[in-house]
Amino acid sequence: MRKLVAGNWKMNGLTADGVALARDLAARAKATPPACEVLLCPPAPLLAPLANAIAGSGIVLGGQDCHTEAKGAHTGDIGAPMLKDAGCAYVIVGHSERRHDHKETDALVRAKASAAVAAGLCAIVCIGETAAERSGGRTEAVVVRQLQASLPLRLGPAQLVVAYEPVWAIGTGRTPTPPEVAAVHARIRAALRDLVAEPAGIRILYGGSVKPANARELMTVADVDGALIGGASLVADEFWAIAQACG
Ligand code: 13P
């Protein structure tokens with residue numbers, strides 16, 4: 001399975017620096033096509049300029065969120081068909097920052113993932129436990145519950161990617177150990193058997209403080225099919241080093 005390395009820029013980047021970063025990455029991808037699929041998820045106002053900056057490089061584009069409806073009276077929201085129209089192939093849904101900041105529930109995440117798939121996008125559905133849930137021994141129960149409640153049923157590998165992001169590892173410089181990552185990813189793979197069309201073909205990304213220094217170790221863990229990267233995706237050298245570690 002081809003690994004996926006996705007940069008989630010979150011709420012970072014203005015046109016000049018975002019386009020410069022994307023052009024830098026596009027030039028590297030053209031010079032040395034990476035073994036993994038490389039995805040950039042910039043803030044929505046940068047989608048159109050980035051689509052231009054990465055054209056012909058093989059790098060693909062994604063949104064960071066979408067509405068459950070395709071269009072309508074929803075001020076400030078973005079419909080999945082609009083992301084598709086802007087050149088996206090993917091959209092992240094259910095990131096822990098949205099679950100927390102915007103009180104998004106599993107049911108809402110499932111509806112957003114359905115809307116994404118209906119628009120022809122691949123949904124990257126994020127799950128992950130908090131520090132309290134991990135220290136309480138509830139990690140696997142939490143991620144399985146999130147999967148069961150957040151995934152539309154019977155999606156295939158072209159429609160769904162799962163991203164496991166422990167909330168306590170995001171932006172903290174702390175990560176689970178490789179055996180801890182392996183245990184959760186194995187549990188996710190097992191849970192997918194009852195939920196998706198081709199469980200073995202669904203990519204399961206790890207996210208949370210992935211850096212060049214730990215990428216190779218994390219990316220060689222069984223059932224880790226790529227990475228979802230925040231901070232390090234804003235630095236061309238770091239993001240590219242992670243993409244190469246995935247190859
Ligand atoms: P960091 O890589 O900054 O920890 O962020 C991870 C993340 O939230 C990606 O979606």
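We use all heavy atoms of the structure for the numbers below, so side chains are in, but hydrogens, waters and symmetry mates are not. Whatever order the structure lists ligands and atoms in, that order sets their numbers, starting from 1.
In this structure, the separation between CD1 on Ile170 and OG on Ser96 is 3.5 Å, given to the nearest 0.5 Å.
If you number the atoms of ligand 1 from 1 as listed, the ones under 4.0 Å from a heavy atom of Asn8 come out as 9 (C), 10 (O). Each of the atoms 6 (C), 7 (C), 8 (O), 9 (C), 10 (O) of ligand 1 lies under 4.0 Å from some heavy atom of Glu165. Residue Ser209 approaches ligand 1 through these ligand atoms, each under 4.0 Å from one of its heavy atoms: 1 (P), 2 (O), 4 (O). In the vicinity of Gly208, heavy-atom distances shorter than 4.0 Å reach the ligand 1 atoms 4 (O), 6 (C).
Atom 3 (O) of ligand 1 has its closest protein heavy atom at Gly231 N, 2.8 Å. The protein heavy-atom contact nearest to atom 2 (O) of ligand 1 is Gly230 N, 2.9 Å.
No side-chain donor-acceptor contact under 3.5 Å links Asp194 to the backbone of Ala191. Side-chain atoms of Asp225 come within 3.5 Å of backbone atoms of Ile204 as a donor-acceptor pair (strictly under, hydrogens ignored).
For Lys10, the heavy-atom gap to ligand 1 drops under 4.0 angstrom. At least one heavy atom of Ala169 lies less than 4.0 angstrom from ligand 1. Assignment of Gly171 to the shell around ligand 1 is supported, since a heavy atom sits closer than 4.0 Å.
Sparse packing is recorded around CZ of Arg23, with 12 or fewer heavy atoms of other residues, nucleotides or ligands lying under 6.0 Å away. The number of heavy atoms from other shown groups lying within 6.0 Å of NZ (Lys30) is above 12.
Ion pairing of Arg187 with Asp223 is absent here, as no side-chain N (NZ or NE/NH1/NH2) approaches a carboxylate O to less than 4.0 Å.
Each of Gln146, Arg99, Gln148 was checked for a side chain to side chain donor-acceptor pair (under 3.5 Å) with Asp106, and the lone residue meeting it is Arg99.
Geometrically, ligand 1 and Lys211 share no nitrogen or oxygen pair separated by less than 3.5 Å.
The aromatic rings of Tyr206 and His185 sit tilted relative to each other, their planes meeting at an angle between 30° and 60°.
With His95, Glu238, Arg174 as candidates, the residue nearest to atom 10 (O) of ligand 1 on a non-hydrogen basis is His95.
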